[in-house]
**Q** 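Questions regarding the structure given below will be posed in turn.
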Number of protein chains: 2
Amino acid sequence: MAPGRGDLIPDELIADVFDRACHSREILEHVTARWGVLALAALSEQPFRFNALRRKIDGVSEKMLAQTLQALERDGFVHREARPTIPPHVEYTLTPMGRELAGRLVALIEHVESLVPEVEQARTRYDRG
Amino acid sequence: MAPGRGDLIPDELIADVFDRACHSREILEHVTARWGVLALAALSEQPFRFNALRRKIDGVSEKMLAQTLQALERDGFVHREARPTIPPHVEYTLTPMGRELAGRLVALIEHVESLVPEVEQARTRYDRG
DNA sequence: CTGTATCCTCTCTGATACTG
DNA sequence: CAGTATCAGAGAGGATACAG
């Protein structure tokens, strides 16, 4: 995170919104990352197996999907249920914490989405001026 | 955004959450970016001049702050008021749209922040298993 | 089927130095 | 004061091949 902070400054001195944001930065990066957002949104609809999720999230590579799911599982937002069959059968679901977060995230995205026309106008103005 | 989409597929066919998220992806990246979050949070407290903001957001480089502010200004979230004096006096404020968005963003960050302990436990469990 | 491992490219980021 | 220009390192992301 912030170079030279967090590691060096005692917790008692860390108090304002910037340092708090710094603490949650890594989590926020996982959930707002390109594929993190889409994985959470997909799983908030229904559970998915790996390749089904990969087809649902069009354009994601195996590597990035695996990486994304591992990060979200490690953070406790996604639950991975592997049945030791042959061939392997793995199902991904959201944990309660993951569902709560995904809901808020989707709400933010929908708000941003509603802003798209206004943002496009602003960009046009900016690029002209 | 998603390679091979957006540019190639007519708008009428783009409808689900993934494509919508794709549309707002660039905006979301600006506002959830490391320095984007902090700039919006700082400006939601009060207006700032460039170097004051740089001191407030400890650890940001001139280059990244300039880049961040330009992106947010172009998107219409930040207003830049330059008084043509010598030396230059430039003040950054949030637009109404920026204030609304910053509020929601801060709410999300605070929720994520409240999850930090639970996430840390989840990580410990994951790393042990 | 569900991933890992490897390689390679490209962007993001920060330090440094310079301009109006 | 408020930036821009340039450079180099680190990491994100993707294509491909392979493993259990």
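In the text below, chain A, chain B and the rest are named by the order of the sequence lines, each starting its count at 1. These figures come from a predicted structure and were not determined experimentally.
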**Q** Test for a donor-acceptor pair under 3.5 Å between the base of dT4(C) and the side chain of Lys63(A), counting only N and O atoms.
**A**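 No, the side chain and the base share no sub-3.5 Å donor-acceptor pair.
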**Q** Please state whether the phosphate of dC1(D), meaning OP1 or OP2, lies under 4.0 angstrom from any side-chain nitrogen or oxygen of Arg49(B).
**A**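 For Arg49(B), the contact criterion (side-chain N or O under 4.0 Å from OP1 or OP2 of dC1(D)) is not met.
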**Q** Atom CD of Gln67(B) and atom P of dT11(C): how far apart are they, to the nearest Å?
**A**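 To the nearest whole Å, that distance equals 13 Å.
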**Q** Please give, in whole Å, the distance from dA12(D) C1' to Arg34(B) CZ?
**A**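 In whole Å, dA12(D) C1' and Arg34(B) CZ are 15 Å from each other.
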**Q** For the pair made of CG in Leu38(B) and P in dT13(C), what is the distance, rounded to whole Å?
**A**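 Those two atoms, CG and P, are 12 Å apart.
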**Q** Would a hydrophobic clustering, with Ile, Leu, Val, Met, Phe, Trp and Tyr connected at side-chain separations under 4.5 Å, put Phe77(B) with Tyr126(A)?
**A**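 No, Phe77(B) does not connect to Tyr126(A) through the hydrophobic network.
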**Q** Does dC1(D) have OP1 or OP2 sitting under 4.0 Å from an N or O in the side chain of Tyr92(B)?
**A**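 No, no such contact exists.
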**Q** Rounded to the nearest Å, what distance is computed from the NE2 atom of residue His89(B) to the P atom of nucleotide dC1(D)?
**A**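 So the NE2-P distance, His89(B) to dC1(D), works out to 11 Å.
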**Q** Across the strands shown, which category fits Arg80(B) at heavy-atom distances under 4.0 angstrom: base, sugar-phosphate, nothing?
**A**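 The residue Arg80(B) makes sugar-phosphate contact but no base contact.
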**Q** Within a 6.0 Å radius of atom CD on Glu81(A), are there more than 12 heavy atoms belonging to other residues, nucleotides or ligands?
**A**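 Atom CD in Glu81(A) is not packed in, count stays at 12 or less.
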**Q** Between dG14(C), dG20(C), dG3(C), which one does the side chain of Trp35(B) approach most closely?
**A**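 Ranking dG14(C), dG20(C), dG3(C) by closest atom to the Trp35(B) side chain puts dG14(C) first.
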**Q** Below the 4.0 Å mark, does dG14(D) have OP1 or OP2 next to a side-chain nitrogen or oxygen of Arg54(A)?
**A**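 Answer is no, no contact under 4.0 Å.
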**Q** Are the side chain of Arg80(B) and the backbone of Tyr92(B) linked by a donor-acceptor contact shorter than 3.5 Å?
**A**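 Checking the backbone N and O of Tyr92(B) against the side chain of Arg80(B), no donor-acceptor pair under 3.5 Å is found.
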**Q** Please give, in whole Å, the distance from dC10(C) C1' to Met64(A) CE?
**A**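 Roughly 14 Å, once rounded to whole Å.
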**Q** CZ of Phe50(B) versus C1' of dT4(D): gap in Å, rounded?
**A**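 To the nearest whole Å, that distance equals 10 Å.
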**Q** Using heavy atoms to find the nearest nucleotide of DNA chain D for Pro88(A) and Ala66(B) separately, return the residue whose nucleotide is more 5′.
**A**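 In this pair, the answer is Ala66(B).
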**Q** To the nearest Å, give me how far apart CG (Leu65(A)) and C1' (dA12(D)) are.
**A**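 Rounded to whole Å, this separation is 16 Å.
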**Q** Just how far, in rounded Å, is P of dT6(C) from CD of Glu62(A)?
**A**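 It is 16 Å, rounded to the nearest whole Å.
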